[in-house]
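This report refers to the structure that appears directly beneath it.
As a basis for the values below, the full set of heavy atoms in this structure was taken, side chains included, without hydrogen atoms, waters or symmetry mates.
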Amino acid sequence: MHIDTLKNLAIDALEELKARDITQLDVAKLTEVTDLMLIASGTSTRHVSALAQNLVEKAKASGLHPRGVEGGDNADWVLVDLGDIVVHIMLPEARALYDLERLWADLPSDAGAVSESLKQFEERATMS
């Protein structure tokens, strides 16, 4: 599936259940794991779970099987891996704490510095 089609499918699935503050980050030059990240907020753990489930259902209906889903019921953060796009659905508190938008925006483009920045992020995440 073309990345623009996949992005539109994901955004439509999130908007259908009223996800808030949908942001897209082009990370293709920063990592080989994925090309695009979408970050969206839900209003409660139930809403976060419902948004993720709707996204998975819409992807499957289009013939795409997500590579993985991390988090789930009663989670403040669910990650849906669609391959070229990784979708983070978070409660506003978790989104503010991990601040993925700033993390990815601040990453340098060379691999050694990226590795060091990710190490610092992991250290910060384990302290909270």
Side-chain angles (χ1 to χ4, degrees):
M1 183 177 291
H2 190 271
I3 192 162
D4 288 333
T5 305
L6 182 57
K7 177 181 77 172
N8 290 335
L9 179 143
I11 290 172
D12 289 347
L14 294 169
E15 287 178 340
E16 182 177 346
L17 293 186
K18 311 250 187 270
R20 295 185 176 180
D21 303 320
I22 300 170
T23 302
Q24 58 183 347
L25 304 173
D26 182 351
V27 296
K29 294 180 181 172
L30 301 172
T31 181
E32 294 179 13
V33 174
T34 192
D35 291 335
L36 186 68
M37 285 190 190
L38 294 177
I39 304 169
S41 295
T43 57
S44 66
T45 56
R46 272 186 121 156
H47 190 213
V48 167
S49 179
L51 288 164
Q53 183 62 36
N54 193 49
L55 175 56
V56 168
E57 289 172 7
K58 298 291 183 184
K60 286 181 178 179
S62 294
L64 178 71
H65 294 284
R67 293 183 178 180
V69 178
E70 298 293 329
D73 294 340
N74 298 317
D76 60 353
W77 182 354
V78 177
L79 179 146
V80 180
D81 184 351
L82 299 173
D84 291 335
I85 297 179
V86 171
V87 182
H88 300 272
I89 306 166
M90 312 167 86
L91 287 179
E93 299 81 18
R95 189 169 177 172
L97 176 66
Y98 295 104
D99 199 6
L100 296 179
E101 290 95 338
R102 187 187 57 77
L103 172 75
W104 285 98
D106 288 350
L107 283 178
S109 58
D110 68 88
V114 169
S115 176
E116 184 60 31
S117 293
L118 288 174
K119 181 179 172 188
Q120 291 171 357
F121 171 73
E122 289 170 352
E123 290 171 359
R124 187 174 95 192
T126 58
M127 292 191 305
S128 51

Taking it one step at a time, do W77 and L100 satisfy side chain to side chain contact (heavy atoms under 4.5 Å, CB included)? CA-CA 12 Å; W77 182 354; L100 296 179; 3.8 Å; yes
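- Checked by atom type, the side-chain pair R95/T23 shows a donor-acceptor distance below 3.5 Å.
- Residues V78 and V69 form a side-chain contact, since some pair of their non-hydrogen atoms from C-beta on lies under 4.5 Å apart.
- Under the 3.5 Å distance criterion, the side-chain polar atoms of H47 are matched with a main-chain donor or acceptor of L17.
- When every heavy atom of S62 is checked against every heavy atom of L9, the shortest pair comes out as OG-CD1, 3.0 Å.
- Using modelled atom types, no side-chain atom of D35 and backbone atom of D84 make a donor-acceptor pair closer than 3.5 Å.
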One pair to check against side chain to side chain contact (heavy atoms under 4.5 Å, CB included): V86 and V27. What are the steps and the verdict? CA-CA 10 Å; V86 171; V27 296; over 6 Å; no
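- Between A40 and L14, the shortest heavy-atom contact is CB-CD1, 4.1 Å.
- Counting only heavy atoms from C-beta outward, the side chains of E101 and D99 approach each other to under 4.5 Å.
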If you apply the rule side chain to side chain contact (heavy atoms under 4.5 Å, CB included), what do you find for K58 with D12, and how did you get there? CA-CA 9 Å; K58 298 291 183 184; D12 289 347; over 6 Å; no
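- Heavy atoms only, all atoms of each residue included: L82 and A10 are closest at CD1-CB, 4.4 Å.
- Proximity of a side-chain donor or acceptor of N54 to a complementary backbone N or O of A50 within less than 3.5 Å is not detected.
- Side chain of T34 to main chain of G83: a donor-acceptor pair is present (N/O by atom type, distance under 3.5 Å, no hydrogens or angles).
- Under the 4.5 Å side-chain criterion, counting only non-hydrogen atoms from C-beta, H65 is in contact with K60.
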Could you give me the CA-CA distance, side-chain angles and deciding distance for H88 and Y98, then say whether side chain to side chain contact (heavy atoms under 4.5 Å, CB included) is met? CA-CA 11 Å; H88 300 272; Y98 295 104; over 6 Å; no
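- The shortest side-chain heavy-atom distance between K7 and I85 falls under the 4.5 Å cut-off.
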